[in-house]
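Keep in mind that what you see is a predicted model, and the values were worked out from it rather than measured. Counting begins at 1 with the first residue of the sequence. Atoms considered below: every heavy atom in the structure, side chains included; atoms not considered: hydrogens, waters and symmetry mates.
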Amino acid sequence: METSPSPVESGAPQRRADARRNHERVFAAALDLFQEAGLQATVPQIAERAGVGKATVYRSYPTKEDLVAAAVDHRLAGLRHLTAPALAQEDPGRVFGDYVLSLFEGLAGDRLLSEVLADAGFRSVSGLLDQLSDLMEAAKSAGAVRADATTLDLRVVLCGMAVQLIRIAERDPALWRRYGELTLQALRP
């Protein structure tokens with residue numbers, strides 16, 4: 001089961017074993033529901049899926065926004081974990097292309113992450129976008145990306161496609177991959 005520290009846990013005394021289990025169940029339920037429904041998932045739905053009351057959810061996460069932030073941080077940490085080794089690969093053009101396609105396919109099944117990447121208001125995605133920009137810059141240096149491509153170009157094309165796919169409620173990974181390919185074509189020299 002995936003776990004994450006709660007925002008109210010830092011510096012707090014050790015939780016009882018049942019409280020830790022409840023926290024883990026709440027977080028796992030939140031990850032699942034946010035993946036399925038994105039930001040439309042509600043605290044009562046999360047509590048029901050976790051098999052706890054709403055008060056139990058609010059003990060770990062005082063607001064829905066705290067729970068969303070923890071879920072987003074968890075998802076982004078997973079992506080950053082995949083991005084860091086990609087930066088060290090030999091063929092930056094291939095690595096950038098593979099990463100973009102993989103990202104699009106993953107976003108098809110993760111409503112929360114796709115919504116967050118498309119929302120400029122989420123500051124926590126900036127680290128991932130910085131790493132993706134680093135991958136693009138390496139590919140640009142290798143001649144695999146057009147010389148005039150900027151981080152803004154990448155964000156507008158990639159996130160713009162994600163916004164539209166979200167709006168039409170598209171979840172087919174093959175279609176998301178197709179738009180990943182179109183993103184790469186837009187950035188090719």
Side-chain angles (χ1 to χ4, degrees), residues 2-5 7 10 27 30-31 34-39 65-189:
E2 298 172 326
T3 61
S4 174
S10 59
F27 192 70
L31 286 175
F34 287 142
Q35 182 173 346
E36 295 167 17
L39 296 171
E65 290 74 24
D66 293 329
L67 186 50
V68 167
V72 167
D73 288 346
H74 181 78
R75 292 282 198 250
L76 290 174
L79 281 175
R80 282 190 299 270
H81 180 73
L82 295 174
T83 308
L87 288 166
Q89 295 296 314
E90 295 283 327
D91 183 353
R94 183 189 54 76
V95 168
F96 177 67
D98 289 351
Y99 188 85
V100 167
L101 295 177
S102 176
L103 178 62
F104 267 90
E105 288 173 348
L107 291 175
D110 193 334
R111 183 75 185 203
L112 176 64
L113 195 52
S114 60
E115 288 178 3
V116 167
L117 278 174
D119 183 347
F122 275 91
R123 288 194 170 98
S124 57
V125 300
S126 64
L128 175 65
L129 290 172
D130 289 344
Q131 285 187 316
L132 190 53
S133 293
D134 291 344
L135 286 172
M136 183 184 75
E137 288 300 321
K140 190 185 334 182
S141 295
V145 169
R146 56 188 298 156
D148 64 341
T150 66
T151 300
L152 180 60
D153 296 333
L154 177 64
R155 183 170 185 134
V156 168
V157 174
L158 189 144
C159 295
M161 298 245 191
V163 167
Q164 292 309 311
L165 290 167
I166 292 165
R167 285 195 178 142
I168 63 172
E170 184 56 58
R171 295 204 168 206
D172 179 6
L175 188 61
W176 277 76
R177 181 182 176 88
R178 179 177 185 274
Y179 284 100
E181 290 167 353
L182 289 172
T183 296
L184 292 172
Q185 286 177 4
L187 296 170
R188 284 197 183 107

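Annotation: salt bridge (charged side-chain N to carboxylate O under 4.0 Å, His left out) contacts involving residues 131-145, sequence neighbours excluded, comprise Glu137-Lys140. Pairs of residues two or more places apart, or lying in two chains, that qualify as salt bridge (charged side-chain N to carboxylate O under 4.0 Å, His left out) and include a residue from residues 142-151 are Arg146-Asp148.
The CE atom of Met136 lies 14.0 Å from the CD atom of Gln131; values are rounded to the nearest 0.5 Å. Interatomic distance, His74 NE2 to Phe34 CZ, rounded to the nearest 0.5 Å: 13.0 Å.
In this structure, Leu158 and Leu103 have side chains that are in contact, with non-hydrogen atoms separated by less than 4.5 Å.
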Would Arg155 and Leu132 count as a side chain to side chain contact (heavy atoms under 4.5 Å, CB included) here? Give the steps. CA-CA 9 Å; Arg155 183 170 185 134; Leu132 190 53; over 6 Å; no
Would Asp153 and Thr150 count as a side chain to side chain donor-acceptor pair (under 3.5 Å) if you check the C-alpha gap in whole Å, the side-chain angles of each, and the deciding distance to 0.1 Å? CA-CA 5 Å; Asp153 296 333; Thr150 66; 3.2 Å; yes
Check the pair Gln35, Leu112 against side chain to side chain contact (heavy atoms under 4.5 Å, CB included), reporting the backbone distance first and the verdict last. CA-CA 5 Å; Gln35 182 173 346; Leu112 176 64; 5.9 Å; no
For residues 175-189, run the donor-acceptor check on the side chains, cut-off 3.5 Å, and write out each pair with its distance to 0.1 Å, sequence neighbours left out.
residue : atom : partner : partner atom : Å
Trp176  : NE1  : Glu170  : O            : 2.9
Arg177  : NH1  : Glu105  : OE2          : 2.8
Thr183  : OG1  : Tyr179  : O            : 2.9

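Smallest separation of non-hydrogen atoms from Gly93 and Ala139: CA-CB, 3.9 Å. Closest non-hydrogen pair, Arg75 versus Leu31, comes out as NH2-O, 3.1 Å.
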